[in-house]
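What follows is one structure encoded as structure tokens, with my remarks underneath.
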Amino acid sequence: METPHNPESAQLMEQILYEVKRVVVGQDRFLERVMVAMLAQGHLLVEGVPGLAKTLTVKTLADVVRGRFKRIQFTPDLVPADLIGTRIYNQKTGDFSTSLGPVFANLLLADEINRAPAKVQSALLEVMQERQVTIAGESHKVPAPFLVMATQNPIETEGTYPLPEAQVDRFMMKVLVDYPTDEEEYVIVERVTGPAVTVQSVATTDQLATLQAQCRNVYVDPSMVQYAVKLVSATRTPEKHGLKGLGAFITYGASPRATIGLVEGARALAMLRGRSYALPEDMTDLVPDVLRHRLVLSYEGLAEGLDADALIGRIMAAVTPPAKPLEHEKRAA
């Protein structure tokens, strides 16, 4: 591995990961994506069946960085006030006071997000984009750093609402979490049934903010930004990129948020891998996670039995990544 941008940051990130891994078994790819989202200040949507340590991962991470962790269980009878808070009338003084809701946290876990109706989702939209909530005309900023991690059950599950496109687009990545291997499951059972593990707080939210600021300084070559633009453009007008017939399968392509997500994500992944510059593989590794929830398939696409990942695979095969920079170019960067 190349020399990191800042040895202290690399060491701090290693310590954070080490602590989380003392509790969470396996799920390395998922954990890496959570770290990418944290460094790039993006939100994360996680899909997987219940019982795969999604909640445990976020809670443990909050403990490790001494952040405030809140979990909201989304249910069909939830109302926006349950999320953002409300005005309360005080009979003694005759005044109204504001009671802030659980979104005022550093790490907010929206559990089973697709079980709540649209008006609750719209309350989450503002806080994800603007990092603030409005209660009775007054704006309240949420603490920084702020990360929403939402879990959703696969759409076929009983009692779920599909999320509105505008909201799904605000998630930087959508990660699919799968069952553990037999070996991992053995370790999980041993850990859960054995003595309890207490994690150490190895960082503070201020240190996390510093890491986020460093992440923004990771160098991304213009050729890679161009690659991100081409990939996203190929989801909107596949014919221009030599993908004849693919347009019929896609109703909507990805928005510019996807392009920004690819660049910011590549920066964060490069930093996690101990580099001060991003390489093409940092971006290609994240393409499916950044794009899969932003493609809306047409009826034709669904009838053909295609899914977003299959289409992304075809787009990635058609749009070639830039060449790796040479050693002297890396040094200059």
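Positions are given from 1, in the same order as the sequence printed here. Just so it is clear, the model here is predicted, and its values are computed rather than measured.
Using a 4.5 Å cut-off between side-chain heavy atoms of Ile, Leu, Val, Met, Phe, Trp and Tyr, with links allowed through other members, Leu147 and Ile260 fall into different hydrophobic clusters. In terms of hydrophobic clustering, with Ile, Leu, Val, Met, Phe, Trp and Tyr side chains grouped at heavy-atom distances under 4.5 Å, Val189 and Tyr179 are assigned to different clusters. Cluster membership check: Leu269 does not share its hydrophobic cluster with Leu176, using side-chain heavy-atom separations under 4.5 Å among Ile, Leu, Val, Met, Phe, Trp and Tyr. Hydrophobic clustering, with ILVMFWY side chains joined whenever heavy atoms are under 4.5 angstrom apart, groups Leu302 together with Leu291.
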> Between Glu47 and Val177, is a side chain to side chain contact (heavy atoms under 4.5 Å, CB included) present by the stated rule, with each step listed?
Replying inline: CA-CA 6 Å; Glu47 188 173 291; Val177 180; over 6 Å; no
> Checking side-chain hydrogen bond (donor to acceptor under 3.5 Å, both in side chains) for the pair Arg257/Gln129: CA distance, chi angles, key distance, verdict?
Replying inline: CA-CA 11 Å; Arg257 277 202 187 105; Gln129 186 61 36; 3.2 Å; yes
> Could you walk me through whether Asp221 and Ser223 pass the side-chain hydrogen bond (donor to acceptor under 3.5 Å, both in side chains) check?
Replying inline: CA-CA 5 Å; Asp221 193 74; Ser223 66; 2.6 Å; yes
> Run the side chain to side chain contact (heavy atoms under 4.5 Å, CB included) check on Val175 and Leu45 step by step: do they pass?
Replying inline: CA-CA 6 Å; Val175 185; Leu45 182 61; over 6 Å; no
>> Show, in sequence, the C-alpha distance, side-chain angles and deciding distance for Tyr219 and Arg267, and conclude whether the side chain to side chain contact (heavy atoms under 4.5 Å, CB included) test is met.
In response: CA-CA 7 Å; Tyr219 177 75; Arg267 271 184 173 150; over 6 Å; no
>> Please evaluate residues Met271 and Met13 with respect to the criterion side chain to side chain contact (heavy atoms under 4.5 Å, CB included), reporting the C-alpha separation (whole Å), side-chain torsions for both, the decisive distance (0.1 Å), and the verdict.
In response: CA-CA 9 Å; Met271 187 169 160; Met13 287 186 295; 3.8 Å; yes
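Neither side chain, Glu19 nor Gln200, offers a donor N or O lying under 3.5 Å from an acceptor on the other. If you check the side chains of Glu126 and Thr134, you find a donor sitting under 3.5 Å from an acceptor. In this model, a donor atom of one side chain and an acceptor atom of the other lie less than 3.5 Å apart for Thr75 and Asp77. Counted by atom type alone, Arg66 and Gln207 present zero donor-acceptor pairs between their side chains at under 3.5 Å.
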Enumerate donor-acceptor pairs with a distance under 3.5 Å from any side-chain N or O in residues 100-113 to protein atoms, sequence neighbours excluded.
residue : atom : partner : partner atom : Å
Asn106  : OD1  : Arg68   : N            : 2.8
Asn106  : ND2  : Pro145  : O            : 3.0
Asp111  : OD1  : Thr151  : OG1          : 2.6
Asp111  : OD2  : Thr55   : OG1          : 3.3
Asp111  : OD2  : Arg71   : NE           : 2.8
Asp111  : OD2  : Arg71   : NH2          : 3.0
Glu112  : OE1  : Gln73   : NE2          : 2.8
Glu112  : OE2  : Arg115  : NE           : 3.4
Glu112  : OE2  : Asn153  : ND2          : 3.3

Which atom pairs, donor and acceptor, lie under 3.5 Å between side-chain atoms of residues 58-65 and protein residues at least two apart or in another chain?
residue : atom : partner : partner atom : Å
Thr60   : OG1  : Leu56   : O            : 2.6

Show me the donor-acceptor pairs within less than 3.5 Å that the side chains of residues 310-317 make with the rest of the protein, sequence neighbours left out.
none

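No side-chain donor-acceptor contact under 3.5 Å links His43 to the backbone of Met149. In this structure a side-chain-to-backbone donor-acceptor pair under 3.5 Å is present from Ser298 to Gly301. Looking at Thr235, its side chain never comes within 3.5 Å of a backbone N or O of Leu231 through a donor-acceptor pair.
By the side chain to side chain contact (heavy atoms under 4.5 Å, CB included) test, Val263 is found to be paired with Val220, Val225, Ala228, Met283, residues two or more places apart in sequence or in another chain being considered. With sequence neighbours left out, Asp307 forms a salt bridge (Lys or Arg N to Asp or Glu O under 4.0 Å) with no residue at all. Scored by the side chain to side chain contact (heavy atoms under 4.5 Å, CB included) test, Asn90 finds Lys92, Thr93 as partners (sequence neighbours excluded). Taking Arg87 as the reference, nothing meets the salt bridge (Lys or Arg N to Asp or Glu O under 4.0 Å) condition, with sequence neighbours excluded. Not counting sequence neighbours, Glu32 has no partner by the salt bridge (Lys or Arg N to Asp or Glu O under 4.0 Å) test. Under the rule for a salt bridge (Lys or Arg N to Asp or Glu O under 4.0 Å), Glu184 has no partner lying at least two apart in sequence or in another chain.
Val79 forms part of no hydrophobic cluster, judged by ILVMFWY side-chain heavy-atom separations under 4.5 Å. Cluster partners of Tyr89 are Phe96, counting Ile, Leu, Val, Met, Phe, Trp and Tyr whose side-chain heavy atoms approach within less than 4.5 Å, directly or via other members. Cluster partners of Val296 are Tyr252, counting Ile, Leu, Val, Met, Phe, Trp and Tyr whose side-chain heavy atoms approach within less than 4.5 Å, directly or via other members.
For the atom pair CG (Leu17) and CZ (Arg22), the distance works out to 13.5 Å, reported to the nearest 0.5 Å. From Phe171, atom CZ reaches atom CD of Gln152 across 8.0 Å, with rounding to the nearest 0.5 Å. Atom CE in Met35 sits 12.5 Å away from atom OG1 in Thr57 (nearest 0.5 Å). Here the straight-line distance linking atom CD of Gln132 with atom NZ of Lys141 works out to 4.5 Å at 0.5 Å rounding. The CG atom of Leu295 lies 11.0 Å from the CZ atom of Arg236; values are rounded to the nearest 0.5 Å. From Gln214, atom CD reaches atom OG of Ser276 across 11.0 Å, with rounding to the nearest 0.5 Å.
The minimum heavy-atom distance between Glu304 and Phe249, with the atom names listed, is CG-CE2, 3.6 Å. Minimum heavy-atom separation, Ala123 to Pro80: CB-CB, 3.8 Å. The two residues Val127 and Phe146 have their closest heavy-atom pair at O-CE2, 3.6 Å. Minimum interatomic distance between Ser99 and Ile88 (heavy atoms only, all atoms of both residues): CB-CD1, 3.4 Å. Pairing each heavy atom of Ala270 with each of Asp282, the nearest pair is CB-OD2, 3.4 Å. The shortest heavy-atom contact between Ala203 and Leu12 is CB-CD1, 3.8 Å.
Between Glu239 and Lys244 there is no salt bridge, since no side-chain N of the basic residue sits under 4.0 Å from a carboxylate O of the acidic one. Contact check on Asp289 versus Lys174 returns no salt bridge, with no Lys/Arg side-chain nitrogen under 4.0 Å from an Asp/Glu carboxylate oxygen. Using a 4.0 Å cut-off between a side-chain N of Lys or Arg and a carboxylate O of Asp or Glu, Asp178 and Arg29 do not qualify as a salt bridge. For Lys21 and Asp28, the salt-bridge test passes: some basic side-chain N is under 4.0 Å from an acidic carboxylate O. The pair Glu264-Arg216 counts as a salt bridge, with a side-chain nitrogen and a carboxylate oxygen less than 4.0 angstrom apart.
Leu306 places none of its side-chain heavy atoms less than 4.5 Å from the side chain of Glu300. Looking only at side-chain heavy atoms (C-beta outward), Glu183 and Val187 stay at 4.5 Å or farther from each other. In this structure, the side chains of Asp169 and Arg294 come closer than 4.5 Å at one or more pairs of heavy atoms.
Other residues, nucleotides and ligands contribute at most 12 non-hydrogen atoms within 6.0 Å of the NZ atom of Lys230.
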